[in-house]
Structures are given as C-alpha cells and as structure tokens.
2 protein chains.
Amino acid sequence: MPERSSVQQVYSVVLDRICLLKYPPHTLLREGELAREFGMSRTPIREVFLRLALMGLVASRNGVGTFVTGMDYLGYRDIYPLRMKVAELIGDLSPRSVTSRDIDRVVRLEERARGLQAAFDAREYWDLNHALHFTIGSLIGNSALRDLWDRYYYQTARIWYAIAERDAADTAESFVAEIEGTLRGLRADDLKAVGYVQRNGIAVTMRKVMEEVNPDTGEWLREPPRLTALRRTTG
Amino acid sequence: MPERSSVQQVYSVVLDRICLLKYPPHTLLREGELAREFGMSRTPIREVFLRLALMGLVASRNGVGTFVTGMDYLGYRDIYPLRMKVAELIGDLSPRSVTSRDIDRVVRLEERARGLQAAFDAREYWDLNHALHFTIGSLIGNSALRDLWDRYYYQTARIWYAIAERDAADTAESFVAEIEGTLRGLRADDLKAVGYVQRNGIAVTMRKVMEEVNPDTGEWLREPPRLTALRRTTG
DNA sequence: CCGCCCGTAGCTGCATACAGCTTGCACCGA
DNA sequence: TCGGTGCAAGCTGTATGCAGCTACGGGCGG
C-alpha cells in the first residue's frame, strides 16, 4: 500500500484533493497520517504542507494540527480582480504563438464540454477546466506571469468548483461558450483575445461568488455541505 | 553566541543578506553552518531555504549544497514588465487613503535622500529604498497585490542594488526625484500617481539592467566583483 | 606527463526520537 | 449537579542520526 512518492507528487495529489473539496475547508490533515499513506516520513510531508501554506490553502497550528483553510470571502475579493488583470496581460507580455496542436487540443476539449451539457459531471468539468487552463498557460511566454496564472487558479479553484455544482446547466453552457471564444482567439493567433475571454469568464465567476456572501458581514449566505463539513480524515 | 531565533527571523536575515549581496550569487550556504550561527538545528534552516527557494533566491542540489541563485537575465526580463504592471495597479485596486503619517514618513525619507546626493552610502540607500517600498506597500489595500509588490521587490532587489553602486550620483538624483514625485501623489491622495511614479522608476532600473546584458547571449557584459564572487562562507 | 579511477569527505534529503503546546476528558470538591 | 482543575493523549516543531549523492583529490597506469 505505501508506495514511495516524491514531494512534488504528494504536493500535486494533496493540492488536487483540496481543490476538489475532497479535503473540505477546515479538514484536519495530520502529518503522520499522510506520511503513512504515501509511504514516507513526516519530513517531506511537512515540506508539502509548507508549500500549501504559502499558497494559503492550509495553516498549521502548533500542538493541534494542519487545517485546510476556510474559503475566505475577503481573500477572494482581493484575488479575483487581480486574476482578471493577469488574464488581460496574457496577450500582452511576450506570448508564444499558437500552433495547430494547441487548437486541436482545445477542439477536443470543446467536444467533451458539449457532452457536459447533456449530462453534467463535476469531475469531468474539473478535468476539462484543468486542461483548458494549462493549455492557455503554455502559451504564456512570460514565466513570472505564468506562475501567477497558475497560482491564482489554484487559489480560487475550490470556490468555483463548489459553485459550478450549484447550477450545472448554466455552468456547462458558459463553459462551452468560453471554449468557443477561446478557439476563435487561438485560430486568429490572437492571444489577447484569448486572455480577454478568460478575463470575462473569471468576472462571471467572481460575480457568482460575490452573490454568495453577505456584503456586510462577509459570511456565506448558504453553505453547501461540502463547504462546511468539518470531518476528520480518519474513519 | 548562538542566540535562539525563530524561522521568520532567520528568513528575514538571510533574505537581507542575499539582497544586500552579502551572500553574492553562487555563494554556497550550508544548512549546518547557518544552524550553528542561529543556535538551532538544521530542520528550521531547511524551512528557511525552502521558502527562499520558492522565491527563486536559492537552489539546493543534493549532495552538494544550497547555492544563492545567479542573477538570471531571463528572469529579470520576465519579472520587470510584470513588476511595472503591478505598480500601475497600486492606485487601481482598492487603495487605502493617505494619512498625514504617511506623508510625514516620506518627507523624512526625502531629507535623508538629499543627504545621499552629498555623500552616497549604499547601505543608507538600501534602507531608504526599503522604507519607501514598505510605506507605499502599506497603502495597497488589496492583500494579494501587496504580496506581489513585496515579492517582486525582493526578487529584483539584488540587481538594482548592484547597479545603484555603479553610478552613485545618478542613482541618488533619480531617487530624490522619485521621492518628490511620490510626495506629490501622496499629498493629493492620488495613489494612482504614486503607482505611476513607481512604475517609471522601475522602468528606468529595468533599462539600466537590460543595458548590462548582451541581448544575444543573455550574458552580463561586465560583472563587478560582487556579482561574480564565488566564495564560501567559511573563513 | 597526462588521464583515468577510485576512495573519501561533506553535503542534502530522509527517517526518527524528543520537547513543547493544545485540547478534551475525567475526577474532585462545593 | 455544576464548575474547576489536572492529567493525558496527540499533534506540531525541533534535534539528530543515517543513507545516498556529488565533487574533489590522490594514486596508479599508460
């Protein structure tokens, strides 16, 4: 069972679990437990936790444990506008030119996305969004900008994933439209257009997120089970 | 001698040493050595190194050691345009309003900066720049943007510090002008103006940096001793 | 004299033992 | 019965021992 893994692999797995809400906010993660699962000692797990902590996704409390952070309204309020700006810069800062491979890849994503309209599947939606994100990311020539593109993606992934499930039909439709717009931009080798399409998609999500909170208190108006579950990983 | 310190304190100290070129590029840092200096074990030092590695300021090689990274031309070429964009956003994303305390602080900085014109001192210049940076940073309301403001500052600090010493007179003069412009913006409670003044200052530095490299090879044209010194910290 | 090879020193990465802190529960007294 | 106190379990943070890797240098062969 305990197969050896590298720090990078464990980081990816735990990151995915947090973003996919398999580890919902406030979940207690224990170093020893993950160490056993991945067949390594606590030391590399601590490194994974530190990296996740610097991403703002977990926080350790001495003597207590390491918790998945809550979805903080104030954090999203700050990150989303910046994420939109980053999208606007995609076509601005030395973009890579589009190849037919890129287009083919997105065409295939479009087909799969249309399938979502018939039967929505959260996991499939996640995979498609993931693929689209990294395809676009690969076109960003500026490495620092690409880092931000990824960073803010992961920092906001949980909340859009949670919200996507609220209104599956609308989510699927918007997603197909987003891919179509992206494709138009790619075919024109107009990465600025691609960036603006992304910006608009992010803006729509941000609006949805902000509609979920009480602007005075900053509290979430309704909390689906997946956001509130305070479960231990044992059991 | 070995006084106990926290991880955060050690991180700050080592970060300063790297930015101030007390640890020049390619310096070999040993975990055990720093552990002894700060009176702790290798474990927290490793955490410091990991954080510095994620900032791109050090890199560990198994079996060899942890090195201060070189000043990579390609990295600066990517970071500077982004840093300029960040400066442009300062007045855009929910800035805090300016208080008289802020203005007073910068006024004092201006006085000290004028002293630099008479007698340039690299360390004093560093301190002033540091103070100005954080004063402006404190006016950024968007926490994510402030993180970037700090992050890119530290990632580019070494190179402008190295270049500042090249032409002390010009550096001092530009710096005074920058503070004057900043003060005008602050007094008008116009943080956008402050951001643009910063942007312009960053652009000037970037131009100076780019003039130092061969655009074909990416190699530095002339390497002052402080940039090339490959010394061990022992001795 | 030059080049190859192997041994060794010393570093990082990992595993593990220990210390300190936090929390919850049980027990005791009023 | 209720409140307070102390203890114990379990976690993170730290120290330290160990394994694996790399670089360097001396010695040997050509």
Side-chain angles (χ1 to χ4, degrees), chain A residues 1-14 18 23-70 230-235, chain B residues 1-14 17-18 23-70 229-235:
Chain A
M1 203 69 52
E3 193 78 22
R4 270 303 298 270
S5 311
S6 72
V7 168
Q8 179 59 43
Q9 286 173 322
V10 175
Y11 174 78
S12 297
V13 169
V14 177
I18 292 172
Y23 293 152
H26 309 111
T27 301
L28 173 61
L29 305 176
R30 298 191 213 83
E31 295 176 354
E33 197 171 325
L34 284 180
R36 274 193 304 279
E37 174 180 353
F38 292 101
M40 51 177 61
S41 78
R42 283 178 50 213
T43 306
I45 299 295
R46 282 182 64 79
E47 183 176 330
V48 169
F49 280 1
L50 178 60
R51 292 179 57 174
L52 290 169
L54 293 177
M55 287 277 287
L57 294 176
V58 306
S60 296
R61 282 199 295 162
N62 188 358
V64 184
T66 300
F67 294 88
V68 177
T69 54
L230 198 152
R231 69 176 174 85
R232 304 169 73 95
T233 56
T234 46
Chain B
M1 203 70 52
E3 193 78 24
R4 271 303 298 270
S5 311
S6 73
V7 167
Q8 180 59 42
Q9 286 173 321
V10 175
Y11 175 78
S12 297
V13 170
V14 177
R17 288 179 185 173
I18 293 173
Y23 293 152
H26 309 112
T27 302
L28 172 61
L29 305 176
R30 299 193 211 80
E31 295 175 355
E33 196 171 322
L34 284 179
R36 274 194 303 279
E37 174 179 354
F38 292 102
M40 51 178 61
S41 76
R42 284 176 50 214
T43 306
I45 300 295
R46 282 181 63 79
E47 182 175 330
V48 169
F49 281 0
L50 179 60
R51 293 178 58 172
L52 290 169
L54 293 177
M55 287 276 287
L57 294 175
V58 305
S60 296
R61 281 198 296 160
N62 188 359
V64 185
T66 300
F67 294 88
V68 177
T69 54
L230 196 153
R231 70 176 174 84
R232 304 170 72 96
T233 55
T234 45

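Values below: every heavy atom of this structure, side chains too, minus hydrogens, waters and symmetry copies. In the text below, chain A, chain B and the rest are named by the order of the sequence lines, each starting its count at 1.
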Q. Taking only side-chain nitrogens and oxygens of B:T43, does any of them come within less than 4.0 Å of OP1 or OP2 of D:dT14?
A. no

Q | Heavy-atom closest contact (A:L28 atom, A:V64 atom, distance) | A | CD1-O, 4.3 Å

Q) Atom CD of B:E31 to atom P of D:dA15: distance rounded to whole Å? A) 13 Å

**Q.** Nearest heavy atoms of B:F49 and B:V58, plus distance in Å
**A.** O-CG2, 3.5 Å

**Q.** Which residue lies more 5' along DNA chain C, comparing A:R42 with A:N62 via nearest heavy atoms
**A.** A:R42

Q) Would you call B:L50 and A:L50 a side-chain contact if the rule is heavy atoms closer than 4.5 Å? A) yes

**Q.** Separation of C:dC11 C1' from B:E33 CD (nearest whole Å)
**A.** 12 Å

Q) Taking CZ from B:R36 and C1' from D:dT16, how many angstroms apart are they, rounded to a whole number? A) 14 Å

(Q) If you only use heavy atoms from C-beta on, which nucleotide in D:dA15, C:dT12, D:dT12 is closest to the side chain of B:M40? (A) D:dA15

Q: Check whether the side chain of A:R61 and the base of D:dG13 form a donor-acceptor pair under 3.5 Å.
A: no

(Q) When you measure from the side-chain N and O atoms of B:S41 to the phosphate of D:dT14, is any distance below 4.0 Å, counting only OP1 and OP2? (A) no

Q | Distance, rounded to the nearest Å, where A:R30 contributes CZ and D:dA9 contributes P | A | 16 Å

Q: Taking all heavy atoms of B:G70 and all of B:H26, pick out the closest pair and write down the distance.
A: CA-NE2, 3.6 Å

Q. Rounding to a whole Å, what distance do you find between B:F38:CZ and D:dA15:C1'?
A. 18 Å

Q: With heavy atoms under 4.0 Å as the rule, sort B:S60 into base, sugar-phosphate or nothing.
A: sugar-phosphate

**Q.** Between C1' of D:dG13 and CG of A:L50, the distance in whole Å
**A.** 13 Å

Q | Interatomic distance where CZ belongs to A:F49 and P belongs to D:dC11 [whole Å] | A | 12 Å

(Q) Rounding to an integer number of Å, can you tell me how far A:R46 CZ sits from C:dT16 P? (A) 16 Å

Q) Under 3.5 Å, is there a donor-acceptor pair between the side chain of A:T69 and the main chain of A:L57? A) yes

